[in-house]
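What follows is a short report on a single structure.
Reckoned from all heavy atoms, side chains included, excluding hydrogens, waters and symmetry mates. Quick note on labels: first sequence line is chain A, next is B, and so on, each numbered from 1. This is a predicted model, so every value here is computed, not measured.
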Amino acid sequence: MNVRTRFAPSPTGFLHIGGARTALYGWLEARRQGGQFVLRIEDTDRERSTQAAEQAILDAIVWLGLSADEAPVYQTQRLSRYQEVAERLLTEGKAYYAYESKEEIAAMREAAVARGEKPRYNGYYRDRHEAFRDDPNRVIRFRNPTDGWVVFEDKVKGRIVFANSELDDLIIFRSDGWPTYNFAVVVDDIDMGITEVIRGDDHINNTPRQINLYHALNARVPEFAHLPMILDRDGKKLSKRSHAVNVMEYREAGYLPHALLNYLVRLGWSHGDQEIFSRTQMLSLFNITEVNKAASRFDLEKLNWLNQHYLKSDDPATLVNELKWHFKRLGVAFAQGPALIDVIVALRDRVSTLKEMAQRARVWYGPIREWDDRAVRKHLQSDSAPRVLEAAREHLSQVEWQPAAIQQLIEQLAMTLALGMGKVAQPLRVAMTGKQVSPSIDDTIYLCGRDRALQRIDAALERSRA
RNA sequence: GCUCCCAUCGUCUAGAGGCCCAGGACGCCGCCCUCUCAAGGCGGAAACACGAGUUCGAACCUCGUUGGGAGCGCCA
């Protein structure tokens with residue numbers, strides 16, 4: 001059977017990390033089996049849906065590389081279809097008009113709660129067969145079975161059973177003439193030929209109602225896979241407070257899309273002891289039935305590790321564009337300065353994000369922005385510093401401008417001056433960067449370029465005498 | 001309140017009755033390497049929520065307790 005999955009965001013905000021994982025799993029599940037992954041924009045909440053949010057979600061999906069196989073479906077463009085299906089249910093007696101006001105319904109709920117019951121609709125219009133009438137409170141409700149059970153085999157949670165007696169007659173068409181979520185989802189999933197519904201486990205409680213709707217429509221019920229939630233580091237629901245929830249904030253923070261994907265795929269799923277998964281490996285190994293049932297917490301430290309892993313192991317050439325993106329955001333004029341690929345190789349063992357890389361690389365593209373006073377005192381204002389700097393200046397003005405040659409020069413310098421490498425490298429390091437931390441000294445000098453390196457030694461000599 | 005879901009190191013997880021006095025990874029700690037910081041190498045501390053039951057034998061099966069989470073909208 002041709003497998004079709006979908007990701008169905010509502011355009012009321014950005015794509016958050018939990019949504020990204022849902023999309024990833026749906027994408028993997030469909031692609032692994034040679035099926036299709038499609039998008040549906042659930043924009044029937046016209047109050048809260050925005051064009052900007054929709055675009056932000058689409059952009060994030062593109063950035064992650066979770067491309068859909070077909071054009072997105074928009075619920076707002078399918079109104080006549082929903083009306084048609086609701087009509088059918090009405091004529092078949094499987095749905096009915098109800099005319100309570102919102103206040104009456106609220107009172108109904110309160111009364112139910114007061115009686116110690118679940119807040120539910122009391123079915124007043126269920127058997128009254130009221131005809132259509134032009135009433136601002138007119139809604140269409142689904143005639144849900146009152147007894148029996150709804151049983152389904154969830155692909156991650158296993159067998160789940162609900163008693164129909166726990167359910168009530170849900171509204172499928174609102175008084176404003178738009179369908180409600182549970183109804184639109186079912187009609188869409190049927191029309192789109194969705195075979196596996198993959199979504200957060202906060203939807204488990206909606207599932208029995210939806211299954212009853214499938215039955216009423218004589219449609220084949222798809223399979224369901226309810227994914228556990230992703231919690232923040234404290235085990236609370238993800239929120240702006242904890243850390244970034246917006247996928248695009250991870251790009252801004254310097255994470256690689258495949259690192260994020262690798263992190264997400266391992267959050268709730270595993271394949272033995274394997275931690276590193278390329279897209280291709282995920283595609284062949286992932287199986288939704290192996291996903292964990294329990295909620296998991298988002299751990300930034302592990303994401304950092306993965307991100308650095310890819311920074312270190314990816315072909316540096318493939319990182320050039322991503323680094324440029326971060327340079328632009330920081331306003332770094334990267335056209336004048338060392339080749340980006342050299343910067344990447346020099347820094348990738350030392351940072352865990354591209355943002356950090358871009359920040360640390362600034363010294364090679366512009367003036368030293370700040371001086372570490374401690375570094376200056378310790379390494380520039382030492383007894384040996386002036387000698388080291390002067391000798392280095394002389395030799396650097398002539399040496400072949402390659403890291404290996406520079407390295408050799410410095411080692412010789414240490415010998416000639418009878419100083420340890422620390423006494424030679426540290427003053428130069430502070431001279432080149434203003435700090436006592438940087439890549440290896442040969443790279444640090446090399447990346448400055450000869451002119452800038454010599455100027456910086458002159459400036460450092462000034463400071464060493466200050 | 002009612003319904004549903006969940007429960008192995010701090011975190012992500014392996015484990016589908018004996019292979020487990022529980023393995024890997026991140027993080028943490030120590031040592032090595034070293035021009036700084038990293039990276040890397042080596043080593044270490046660290047968990048089966050609790051209680052019954054089934055069984056010759058339980059992290060794995062059953063029941064209960066406790067603790068988390070979700071839902072109960074004319075939101076999705």
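For A:Arg120 and B:rC72, a side-chain-to-base donor-acceptor distance below 3.5 Å is absent, hydrogens and geometry of angles not being considered. A donor-acceptor contact under 3.5 Å links the side chain of A:Asp273 to the base of B:rG23. A donor and an acceptor atom never sit less than 3.5 Å apart when one is taken from the side chain of A:Gln274 and the other from the base of B:rG24.
Heavy atoms of A:Leu267 sit under 4.0 angstrom from primed sugar atoms or phosphate atoms, though from no base atom. No contact: A:Val113 has no heavy atom under 4.0 Å from any strand. Nucleic acid contact for A:Val430: none, since no nucleic acid atom lies under 4.0 Å from a heavy atom of the residue. Residue contacts shown for A:Ile441 include a base, since a base heavy atom lies under 4.0 Å away. Within the nucleic acid shown, A:Pro439 comes within 4.0 Å of at least one base atom, counting heavy atoms only. Among the atoms of the strands shown, only primed sugar atoms or phosphate atoms (P, OP1, OP2) are found under 4.0 Å from some heavy atom of A:Gly268. Across all strands shown, A:Thr12 has no heavy atoms under 4.0 Å from either base or sugar-phosphate atoms. Among the heavy atoms of the strands lying under 4.0 Å from A:Lys293 are primed sugar atoms or P, OP1, OP2 only; no base atom is included. Here A:Ser438 lies in heavy-atom contact (under 4.0 Å) with a base.
Side chains of A:Ile230 and A:Arg297 form no contact here, defined as non-hydrogen atoms less than 4.5 Å apart. Taking 4.5 Å as the limit, every side-chain heavy atom of A:Asn144 sits out of range of all side-chain heavy atoms of A:Pro208.
B:rA47 and B:rA59 are spaced 15 Å apart, taking the P atom of each and rounding to whole Å. Between the P atoms of B:rC5 and B:rA16, the separation comes to 25 Å (whole Å). Here the separation of B:rG67 from B:rC29, taken at their C1' atoms, is 31 Å to the nearest Å. Atom P of B:rU62 sits at a distance of 12 Å from the matching atom of B:rA7, rounded to the whole Å. Taking atom C1' on both B:rU54 and B:rG64, the two are 15 Å apart, rounded to the nearest angstrom. For the P atom pair drawn from B:rA49 and B:rC26, the interatomic distance equals 24 Å after rounding to whole Å. Between B:rC60 and B:rG51, the two P atoms lie 12 Å apart (nearest whole Å). Look at the C1' atom in both B:rG10 and B:rC48: the space between them is 16 Å, to the nearest Å.
With both pairing distances under 3.5 Å, B:rA52 is matched to B:rU62 as a Watson-Crick or G-U wobble pair.
Distance from the side chain of A:Glu301 is smallest for B:rG27 among the nucleotides B:rG27, B:rC12, B:rC74. For A:Asn292, taking side-chain heavy atoms from C-beta onward, the closest of the listed nucleotides B:rU13, B:rA7, B:rC74 is B:rU13. Comparing atom distances between the A:Ser296 side chain and each of B:rU3, B:rU13, B:rC6 picks out B:rU13 as nearest. Set against B:rC75, B:rA39, B:rC35, the side chain of A:Lys312 has B:rA39 as its closest nucleotide. Each of B:rC74, B:rC26, B:rC2 was ranked by its minimum atom distance to the side chain of A:Lys118; first place goes to B:rC2. The side chain of A:Glu42 has B:rA76 as its nearest neighbour among B:rC37, B:rC4, B:rA76. The side chain of A:Gln308 has B:rA39 as its nearest neighbour among B:rC74, B:rC26, B:rA39. Distances from the side chain of A:Gln426 to the nucleotides B:rC35, B:rC37, B:rA70 place B:rC35 closest. Of the listed nucleotides (B:rA76, B:rC12, B:rC5), B:rA76 has the atom at the smallest distance from the side chain of A:Ser10. Candidate nucleotides B:rU3, B:rG73, B:rA76 were compared by shortest atom distance to the side chain of A:Asn205, and B:rU3 ranks first.
Annotation: of the two residues near RNA chain B, A:Arg297 and A:Arg141, the 5′-most nearest-nucleotide partner is A:Arg297. Map A:Gln407 and A:Val185 each onto its nearest nucleotide of RNA chain B; the residue landing nearer the 5' end is A:Gln407.
Here B:rC35 presents its C1' atom at 10 Å from CD of A:Glu411, a figure rounded to the nearest Å. For the pair A:Asp202 CG and B:rC75 P, the interatomic distance rounds to 17 Å; values are reported in whole Å. Rounding to whole angstrom units, CG of residue A:Leu306 and C1' of B:rA25 are separated by 9 Å. In this entry the distance linking CD1 of A:Ile445 with P of B:rC35 reads 15 Å, nearest Å. Straight-line distance from the CZ atom of A:Phe162 to the C1' atom of B:rA70: 10 Å, rounded to whole Å.
Ring pair A:Phe224/A:Tyr214 is perpendicular by interplanar angle, where above 60° counts as perpendicular and below 30° as parallel. Using a 30° and 60° split on the angle between ring planes, A:Tyr125 and A:Tyr99 fall in the perpendicular class, above 60°.
The aromatic ring centres of A:Phe37 and A:Phe7 sit 6.0 Å or more apart. Separation of the A:Phe298 and A:Tyr263 ring centroids falls under the 6.0 Å cut-off. Aromatic rings from A:Phe286 and A:Trp269 are positioned such that their centres are separated by under 6.0 Å.
Using a 3.5 Å distance cut-off with no hydrogens or angles, the side chains of A:Arg78 and A:Gln75 do not pair a donor with an acceptor.
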